[in-house]
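Within every chain, numbering begins at 1; the chains are lettered A, B, ... in the order of the sequence lines, protein sequences first and strands thereafter.
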2 protein chains.
Amino acid sequence: MSSEYDLTKEVTDKYSLRGRVFNKIRDDILNGVYKEHDELKEIKIGKELGVSRTPVREALRQLELEGLVQIIPNRGAFVTGIQENDVHDIYMIRALLEGLCARWATERIKPEQLEAMEENIYLAEYHAAKGHMDQMAELDSQFHHILYDACSSKMLEHLLIDYHQYVLRIRKKTLSTVERSTACNKEHRGIMEAIRAGKADLAERLAGEHMRSAYENMVRNGLYDIYKSDRKDS
Amino acid sequence: MSSEYDLTKEVTDKYSLRGRVFNKIRDDILNGVYKEHDELKEIKIGKELGVSRTPVREALRQLELEGLVQIIPNRGAFVTGIQENDVHDIYMIRALLEGLCARWATERIKPEQLEAMEENIYLAEYHAAKGHMDQMAELDSQFHHILYDACSSKMLEHLLIDYHQYVLRIRKKTLSTVERSTACNKEHRGIMEAIRAGKADLAERLAGEHMRSAYENMVRNGLYDIYKSDRKDS
DNA sequence: ACGTGTATAATTGTATACATCAAAAACAAT
DNA sequence: ATTGTTTTTGATGTATACAATTATACACGT
């Protein structure tokens, strides 16, 4: 069972109103429901979700810290969103950090975690072969979360989980093609083998390349036109 | 004038209660006033600061997102703090990211920013020579913020400012020695020269080394014993 | 003595009320 | 018609009130 690698960020999210509101708004921003510079009014959102202002406010304050929302005192909360160039930056940042994560994981991974990775890749290859594309994003997420866990760095894990979330929507699209999915699985396997063999340098390099190739695939296929609509050159 | 590079993270911090409460608790955690596993009760903190629970709650929710506080639903908020190994991780992460920042800054820096860096280093060298150690942390912060600004990446800037803050207390201690201060200034100058010369690879490498040498200096001088007290091996 | 169960207190979660601020509208003056 | 001022409106900032949950204390039974 790999239910251990639950992808929910905080346990609180499921059980508190604030957590649900936070996730809802966050998803709506990442999924383009709210666009750049949209104003997020506490009362309106509260009504829509059937809650009072309080949990909405708390959620907005958190989103401010994540950089998805800008709060101007006494004015309101405005969507910051993710720009086209932000996606580029995120992938370049991730290339470095996933590399570091793979390096540390090589030195610190536990047998169960390696086991879990093995199982994950096996499953992913199976579903890719069968064309079950809807499963791929989930499995990809899981693979990376196992890696984040295995690096045994609270700091790095926290960071990578955040950045992983940011590009959630785009990842779903990217992985919906068979080509990218199979390539992705191959790269995952490569990283795992390097970790298993204790080759930290190789693992780091492969993890970095994994990010770059994901990004290049995205650009090549014009898969992030979705962000272009609400672009502003300021 | 370099007042442009104001180090406050958000404008809201100064003017809203929540912002002040947030900064206060944050500083208290980073400065060791609250220790690992301390419980942060909304009413108590509110009373201490002379405010109601609302701003305190919002601040705690934000700190949760920063990872400095863990919130257990219906139970309370507990200090997570920064462990000894977290400091290590932060510096290794920063080594990569400051490197990337320097690289991008090399390609995108504006003349005014280069000017500001020049001025900053000049001032820092002056104060270091005069033994004005109290100024060093501030100037160091300023240098890095100029760099963050110059890389023209909202994402990377946001991230680096966060991590820079995390190690604020320890940086103050480290820079209080003349040796480290002068070495630090030399490294800053090196980075600036590389950027000015358009040597991105060199700038990246130097910025990374700057972090590693800062960390090694810290370890060598046992300067982060302060974190050891509340350590737990879990 | 020990564990269990209930009552009480304390704390958090949420909703609402009031205060404050800022943009928008209405109006006056030029 | 345009500008400047006042009024109004609507939103946020903060405080408080109530509900739900959890921790504590104590009595009871074994």
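In this structure, the side chain of B:E58 does not engage the main chain of A:R57 through any donor-acceptor pair within 3.5 Å. In this structure a side-chain-to-backbone donor-acceptor pair under 3.5 Å is missing from B:R18 to B:A59.
D:dA11 atom P lies 14 Å from atom CG of A:L60, rounded to whole Å. Distance CD (B:E58) to P (C:dT14): 13 Å, rounded to an integer number of Å.
Between A:T54 and the phosphate of C:dT14, there is no side-chain N or O to OP1/OP2 separation shorter than 4.0 Å.
Sparse packing is recorded around CD of B:E115, with 12 or fewer heavy atoms of other residues, nucleotides or ligands lying under 6.0 Å away.
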Quiz prompt | Annotated protein contacts, base or backbone, on nucleotides 7-13 of chain C with a non-hydrogen cut-off under 4.0 Å, one of B, S, - each | solution = ----SBB

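Taking the six-membered ring where the residue is Trp, B:Y148 and B:H164 present perpendicular rings, their angle passing 60° and hence far from 30°.
By the salt bridge (Lys or Arg N to Asp or Glu O under 4.0 Å) test, B:R94 is found to be paired with B:E98, residues two or more places apart in sequence or in another chain being considered.
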